[in-house]
Peer 1: 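Before I ask anything, here is the structure I am working with.
Small disclaimer: the values here were computed from a predicted structure and weren't measured.
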Amino acid sequence: MNGFSRKFAALLMMLVLPMALSAQEAAPEATPEATEAAAPLPPSYLLNGFTYHAQWWNNCGPATLTMALSYFGYSDDQGRAANWLKPNSEDKNVSPWQMVEYVNTQVSDIDVYSTIRYGGTLERLKALVANQFPVIIEAGYDPERANQGWMGHYLLVIGYDDAQGVIITHDSYAGASLAYTYEHIEEHWQHFNYIYMPLYASAREADLMEVLGTDADPTQNLINAFEIAREEATADQSDPFAWFNMGSILVELELYPDAAIAFNTARNLGLPWRMMWYQFGPYEAYYQTGDYQTILEIATAIRNDGGGQYVEETFYYAGLAREGLGETQRAIENYNATLAFNPNFTPARERLNALQGS
């Protein structure tokens, strides 16, 4: 084993050991129901009843969410979701947690809810679709027609076909009922930690949990997702997405020092320059470990990259760093800038209220 490999092996062990301890403490015990073999899936399945929406400018998230909600009788166009999720049309990103918050708090006129899980698989997507659960995934995207380089993109999964080896999606940018090969989905979905957001009616929540299996429990799901990323990093120690995904899960598990190690490794290996338009785990890891200067360095670079000034998280985490450095007034300015850009960005509102005593 050469020095490069030894270094990565040591980092992997640093990450695996605390995770193993956390898993032992947090993992729920298996139940007979959870260990029963799942019924075999049909070789193909296609959900119907959606209204397709081609996205408006920078409107991938609201358009995809609107399509998913249409399955449940939602009849508004993508403008309603956009007005809440991204009041500024130049906003480059809508995060998964914002999508779920919109469904769960702003769509009371129909009976529909959503949730987030990580570490999804093709089999999980197929099981959700075959059980009539529309599901949104986020993946890396670089279509030739756009000619813009790597970016993030949401896809609504509506079907699959094993004979053709394809996942069928409503793609708000490229078209309705668009098929992507299993290989394509797995390759690009990895860039976003195999995140998936099923939508469901309240009466079917128990059915959804059954389909999710070991991913039903949120903590166990994080453990499962970490193991996927760890295995990928072990198989290819130069894979920056695997390291980034480990860091993201470790942040969710509040293992911040290990998360910072994973993110440092991913950044050193090289990530797409737009990566932190969409995913913000590094900010959180560095904030929780007191590395405020690195946050400011990243935020400054993002603001100067030709589009990152339209990502509200950039200003929010700069505010946290300023607050950590004792620069209260500059923190307030950053939070106000965040809210001027998106008044519905609740974390910034909470920090601003805390600083101003309201």
Peer 1: Looking at Phe315, Trp97, Tyr335, which hits ring-ring contact (aromatic ring centres under 6.0 Å, His included) with Phe345?
Peer 2: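 Among the candidates, only Trp97 passes.
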
Peer 1: Check the orientation of Phe280 and Tyr283. Use parallel for under 30°, tilted for 30 to 60°, and perpendicular for over 60°.
Peer 2: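 Correct class here is parallel.
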
Peer 1: Hey, could you give me the CD/CG distance between Gln98 and Asn342, rounded to the nearest 0.5 Å?
Peer 2: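 Here the rounded value is 6.0 Å.
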
Peer 1: Determine whether Gln190 and Asp239 satisfy the following criterion, side-chain hydrogen bond (donor to acceptor under 3.5 Å, both in side chains), listing intermediate values before the conclusion.
Peer 2: CA-CA 11 Å; Gln190 185 216 17; Asp239 181 353; 2.8 Å; yes

Peer 1: Would you confirm whether Ser70, through its side chain, and Thr51, through its main-chain N or O, come within 3.5 Å as a donor-acceptor pair?
Peer 2: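 Checked: pair present.
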
Peer 1: Measuring from Asn193:CG to Phe226:CZ, what's the distance to the nearest 0.5 Å?
Peer 2: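 Taking CG in Asn193 and CZ in Phe226, the distance rounds to 11.0 Å.
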
Peer 1: Where the side chain of Asn221 meets the backbone of Tyr118, is there a donor-acceptor pair that is under 3.5 Å apart?
Peer 2: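 Answer holds: yes.
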
Peer 1: Any cation-pi pair here, Arg351 with Tyr316, using under 6.0 Å and within 45°?
Peer 2: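 Judged by the rule, Arg351 and Tyr316 form no cation-pi pair.
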
Peer 1: Can you tell me how far apart CG (Leu199) and CE (Met197) are? Round to the nearest 0.5 Å.
Peer 2: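 If we round to the nearest 0.5 Å, Leu199:CG and Met197:CE are 8.5 Å apart.
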
Peer 1: May I ask you to decide if Ala216's main-chain N or O and Arg117's side chain share a donor-acceptor pair within less than 3.5 Å?
Peer 2: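 Here the side-chain-to-backbone pair exists.
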
Peer 1: Enter the distance from Tyr102:OH to Asn83:CG here, rounded to the nearest 0.5 Å.
Peer 2: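 That separation rounds to 8.5 Å.
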
Peer 1: Test of understanding: clusters of I, L, V, M, F, W, Y form through side-chain heavy atoms closer than 4.5 Å, transitively. Do Phe72 and Val129 belong to the same one?
Peer 2: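 Cluster IDs for Phe72 and Val129 match.
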
Peer 1: Can you check whether Val157 reaches Ile168 side chain to side chain, under 4.5 Å on heavy atoms?
Peer 2: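 SC-SC contact between Val157 and Ile168 ruled out.
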
Peer 1: Is a donor on one side and an acceptor on the other found under 3.5 Å between the side chain of Asn224 and the backbone of Thr214?
Peer 2: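 Yes: the side chain of Asn224 pairs with the backbone of Thr214.
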
Peer 1: Pair His191, Trp150 - check side-chain hydrogen bond (donor to acceptor under 3.5 Å, both in side chains), show working.
Peer 2: CA-CA 10 Å; His191 301 175; Trp150 185 96; 3.0 Å; yes

Peer 1: List in chain and number order the residues that pass ring pair (Phe, Tyr, Trp, His ring centres under 6.0 Å) with His170, two or more places apart in sequence or in another chain; answer none if no residue qualifies.
Peer 2: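 Partners of His170 under the ring pair (Phe, Tyr, Trp, His ring centres under 6.0 Å) test: Phe50, Tyr52.
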
Peer 1: Test His153 against Asp171 for side-chain hydrogen bond (donor to acceptor under 3.5 Å, both in side chains), laying out the working first.
Peer 2: CA-CA 9 Å; His153 190 55; Asp171 182 330; 2.8 Å; yes

Peer 1: I'd like to know if the side chain of Gln78 and the backbone of Ala54 have a donor-acceptor N/O pair within less than 3.5 Å.
Peer 2: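 Yes; at least one donor-acceptor contact below 3.5 Å.
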
Peer 1: Is the distance between the ring centroids of Tyr317 and Tyr287 under 6.0 Å?
Peer 2: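 They do not qualify: ring centres at least 6.0 Å apart.
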
Peer 1: Please round to the nearest 0.5 Å and tell me the distance separating atom OG1 of Thr219 and atom CD of Glu252.
Peer 2: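 Separation between the atoms: 10.5 Å.
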
Peer 1: For residues Ile116 and Val103: do they belong to one hydrophobic cluster (side chain heavy atoms under 4.5 Å, members Ile, Leu, Val, Met, Phe, Trp, Tyr)?
Peer 2: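 Yes, it is one cluster - the side chains of Ile116 and Val103 are joined through contacts under 4.5 Å.
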
Peer 1: Would you say Tyr278 and Glu138 are linked by a side-chain donor-acceptor pair, where the criterion is simply a distance under 3.5 Å?
Peer 2: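 No, because no side-chain N or O of Glu138 sits under 3.5 Å from a partner of the opposite role on Tyr278.
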
Peer 1: Between Arg230 and Glu227, is there a salt bridge with N-O shorter than 4.0 Å?
Peer 2: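 Arg230 and Glu227: salt-bridged.
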
Peer 1: In terms of side-chain heavy atoms, does Ser95 have a donor or acceptor partner in Asn93 at a distance below 3.5 Å?
Peer 2: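 Looking only at side-chain atoms, Asn93 and Ser95 do form a donor-acceptor pair, the distance falling under 3.5 Å.
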
Peer 1: Can you find a side-chain donor-acceptor pair between Glu187 and Tyr180 that sits under 3.5 Å?
Peer 2: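 Tyr180 and Glu187 do not have a side-chain donor-acceptor pair below 3.5 Å.
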
Peer 1: Pairs in or reaching into residues 68-82: which pass salt bridge (Lys or Arg N to Asp or Glu O under 4.0 Å), with residues at least two apart or in two chains?
Peer 2: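 Found Asp76-Arg80, Arg80-Asp109.
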
